[in-house]
Peer 1: 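First, the structure itself, so that you have it in front of you.
Below, all heavy atoms of this structure are taken into account, side chains as well, without hydrogens, waters or symmetry copies.
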Amino acid sequence: MNFNPIPCHEALQPFIRNYWLLSAQCTATGTQQIFSNGATSLHFYLSQAVRLVDIPHTSKTTEPQDRMYRTALNRHDIGCMGVVTEEGPLEIFGVEFVPFCARMFFHFDATSPHIMPEDTDDEEFLAVSNAIHSAASDEERKTLLDDFFCKRLSEIPADDINLERMNDVFQQIVPTDGSVAHPPVGHEEFSPNDLASTACLSQKQFTRVFNKYVGMNPKTYLRLLRFNKALMELRKNAAKVKEDSASMTEVAWSCGYYDLAHMTSDFRSLSGYSPSEMLAAGAKLTETFGSQFSGLMKKKIKIENVI
């Protein structure tokens, strides 16, 4: 399996982390698991249509499980997404948004966690999706997406105060080193109240704004961050944890969980695995908050005339 990040247009980098291409050869029908990092992503399934399922199967959507996707805007407010593929080549061209920026480019409400262009009245989205699938090269796909997103960026009001507020919040909770930030004293995660204070909004106002930009409430997002940090810590310290069960408790505590039981419960809820089962299965992260996180908007950024 090959995973190659592709830089987007410079003007888009405060809002889009990167484009990427995943290539693999599937030897049989199977499910690729993608653990959510809380950021919406756009996937173009180039070589074959796929089925998308939520793992564990806790989604309230009535979406038929046999629906086939060629393009999907995936709202990652779930713990784990399964991509069901058939035998043969698998190529996915993806767009990874900065967590609070996807809804700057797409303006529709939906209850499904997986949205196809055909589900919307967005003709430009449908047109660029068709063009991506018809493109002859990844460079052409990059150009098509750059043009699409730069045009949308030019249509966004430059004085969006809530966008600035969200930037302040995300600089606090997702530092550039990829870790989940904690208050100076103690090991508890930020609370929604802390983030509302950073945004200079009441908790009710902040929850509304956060939902608008991120697609989930602040508590759910912080939970996903904590889960991702714990997952990375487990992988980094796998040998030590397997030999010393107390190390698992240390990971739980260092990531903001009250105790190991709470971390285990969260892992089962979000991934279907306990932490020890995750290690035993050798499950790997498909995408995490890494050192190249590009979600730091520049203050008073000029977004006019970027095409």
Side-chain angles (χ1 to χ4, degrees), residues 1-13 15-32 34 39-53 63-76 81-98 101-110 112-156 215 286-287 294 306-307:
M1 179 180 294
N2 295 316
F3 182 87
N4 298 311
I6 302 170
C8 61
H9 189 285
E10 182 179 359
L12 298 171
Q13 289 175 6
F15 314 100
I16 295 175
R17 293 179 62 188
N18 55 260
Y19 307 143
W20 50 263
L21 178 68
L22 184 148
S23 302
Q25 183 67 32
C26 302
T27 58
T29 299
T31 301
Q32 307 295 325
I34 302 176
T40 296
S41 61
L42 176 59
H43 293 173
F44 301 93
Y45 304 100
L46 302 178
S47 56
Q48 58 173 284
V50 303
R51 287 194 300 115
L52 301 176
V53 296
E63 203 70 53
Q65 291 297 304
D66 59 351
R67 191 177 190 190
M68 304 301 291
Y69 293 81
R70 293 301 306 273
T71 299
L73 187 66
N74 300 301
R75 293 167 40 220
H76 282 187
M81 183 179 78
V83 181
V84 184
T85 58
E86 301 295 330
E87 180 179 355
L90 173 66
E91 278 195 313
I92 306 174
F93 198 95
V95 181
E96 195 74 18
F97 296 94
V98 170
C101 293
R103 295 199 174 194
M104 295 167 50
F105 300 103
F106 299 98
H107 311 290
F108 49 82
D109 294 320
S112 171
H114 313 295
I115 304 163
M116 289 199 292
E118 294 85 347
D119 298 333
T120 75
D121 58 1
D122 191 335
E123 294 183 359
E124 290 181 338
F125 181 25
L126 180 59
V128 76
S129 173
N130 291 335
I132 290 293
H133 284 285
S134 301
S137 68
D138 295 328
E139 186 60 35
E140 184 180 348
R141 294 184 181 100
K142 168 183 159 50
T143 300
L144 286 165
L145 289 173
D146 280 346
D147 290 347
F148 173 77
F149 287 122
C150 281
K151 178 178 182 297
R152 296 248 158 147
L153 191 60
S154 69
E155 298 167 353
I156 298 169
T286 298
E287 181 66 24
S294 60
V306 296
I307 298 180

Peer 1: Using modelled atom types and a 3.5 Å cut-off, is there a donor and acceptor pairing between side-chain atoms of Ser47 and backbone atoms of Pro89?
Peer 2: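 Between the backbone of Pro89 and the side chain of Ser47 there is a qualifying donor-acceptor contact (under 3.5 Å).
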
Peer 1: Is the side chain of Arg152 donor-acceptor paired with the backbone N or O of Phe105 at a distance under 3.5 Å, no angle test?
Peer 2: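 Here the side-chain-to-backbone pair exists.
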
Peer 1: Show the nearest heavy-atom pair for residues His114 and Asn74, with the distance to one decimal.
Peer 2: ND1-OD1, 2.8 Å

Peer 1: I need the Ile132 CD1 to Leu46 CG distance, nearest 0.5 Å.
Peer 2: 8.0 Å

Peer 1: Donor-acceptor pair, Gln48 side chain versus Glu86 backbone, under 3.5 Å?
Peer 2: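 Answer holds: yes.
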
Peer 1: Taking the ring of Phe106 and the ring of Phe125, is the distance between their centroids below 6.0 Å?
Peer 2: yes

Peer 1: Whether the side chain of His133 engages the backbone of Arg70 through a donor-acceptor N/O pair (distance < 3.5 Å, no angle test) should be reported.
Peer 2: yes

Peer 1: Quick check for you: to the nearest 0.5 Å, what is the distance between Phe3 atom CZ and Leu22 atom CG?
Peer 2: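 It is 6.5 Å, given to the nearest 0.5 Å.
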
Peer 1: Report the C-alpha distance between Leu153 and Phe148 in whole Å, list the side-chain angles of each, state the deciding distance to 0.1 Å, and finish with yes or no for side chain to side chain contact (heavy atoms under 4.5 Å, CB included).
Peer 2: CA-CA 9 Å; Leu153 191 60; Phe148 173 77; over 6 Å; no

Peer 1: How far apart are the closest heavy atoms of Tyr45 and Ala72, and which atoms are they?
Peer 2: CE1-CB, 4.2 Å

Peer 1: With a 6.0 Å cut-off on the ring centroids, do Phe97 and Phe149 count as close?
Peer 2: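 Yes.
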
Peer 1: Would you mind checking if Asp146 and Lys151 are paired as a salt bridge, meaning a charged N to carboxylate O distance below 4.0 Å?
Peer 2: no

Peer 1: Is there a side-chain contact between Pro5 and Tyr19 in this structure, where contact means two heavy atoms from C-beta onward sitting under 4.5 Å apart?
Peer 2: no

Peer 1: Would the distance check show the side chain of Glu91 and the main-chain N or O of Ala24 forming a donor-acceptor pair, the cut-off being under 3.5 Å?
Peer 2: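 No, Glu91 side chain to Ala24 backbone: no donor-acceptor pair under 3.5 Å.
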
Peer 1: Taking side chain to side chain contact (heavy atoms under 4.5 Å, CB included) as the test, write out the residues that go with Glu140, two or more places apart.
Peer 2: Ala135, Ala136, Ser137, Leu144

Peer 1: Could I get the full list of side chain to side chain contact (heavy atoms under 4.5 Å, CB included) partners for Asp138, not counting sequence neighbours?
Peer 2: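 Partners of Asp138 under the side chain to side chain contact (heavy atoms under 4.5 Å, CB included) test: Leu21, Phe93, Arg141.
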
Peer 1: At what distance, to the nearest 0.5 angstrom, does CD1 of Ile92 lie from OG of Ser23?
Peer 2: 9.0 Å

Peer 1: Taking atom CD1 of Ile16 and atom CD of Glu96, what is their separation to the nearest 0.5 Å?
Peer 2: 10.5 Å

Peer 1: As an exercise, state the distance from CG of Leu145 to NE2 of His9, rounded to the nearest 0.5 Å.
Peer 2: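 With rounding to 0.5 Å, CG (Leu145) is 13.0 Å from NE2 (His9).
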
Peer 1: Are Cys8 and Gln13 close enough, and set up right, to give a side chain to side chain contact (heavy atoms under 4.5 Å, CB included), and what steps lead you there?
Peer 2: CA-CA 6 Å; Cys8 61; Gln13 289 175 6; 3.7 Å; yes

Peer 1: For Ala11 and Phe15, work out which heavy atoms get closest and say how close.
Peer 2: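 Looking at all heavy atoms of both residues, the closest pair is O-CE1, 3.7 Å.
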
Peer 1: Is there a side chain to side chain contact (heavy atoms under 4.5 Å, CB included) between Val84 and Val50? Walk through the geometry before answering.
Peer 2: CA-CA 6 Å; Val84 184; Val50 303; 5.9 Å; no

Peer 1: Run the numbers on Leu12 and Cys150 for side chain to side chain contact (heavy atoms under 4.5 Å, CB included), then give the verdict.
Peer 2: CA-CA 7 Å; Leu12 298 171; Cys150 281; 3.9 Å; yes

Peer 1: With a 4.0 Å cut-off on N to O distance, would you call Lys142 and Asp147 a salt bridge?
Peer 2: no

Peer 1: Check Met68 against Met116 and note the closest heavy-atom contact, atom names and distance.
Peer 2: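 Closest approach of Met68 to Met116: O-SD, 3.8 Å.
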
Peer 1: Would you indicate whether Gln25, at its atom CD, is surrounded by more than 12 heavy atoms from other residues, nucleotides or ligands within a distance under 6.0 Å?
Peer 2: yes

Peer 1: Using modelled atom types only, decide if a donor and an acceptor are shared between the side chain of Ser134 and the backbone of Ala131 within a distance under 3.5 Å.
Peer 2: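 No, Ser134 side chain to Ala131 backbone: no donor-acceptor pair under 3.5 Å.
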
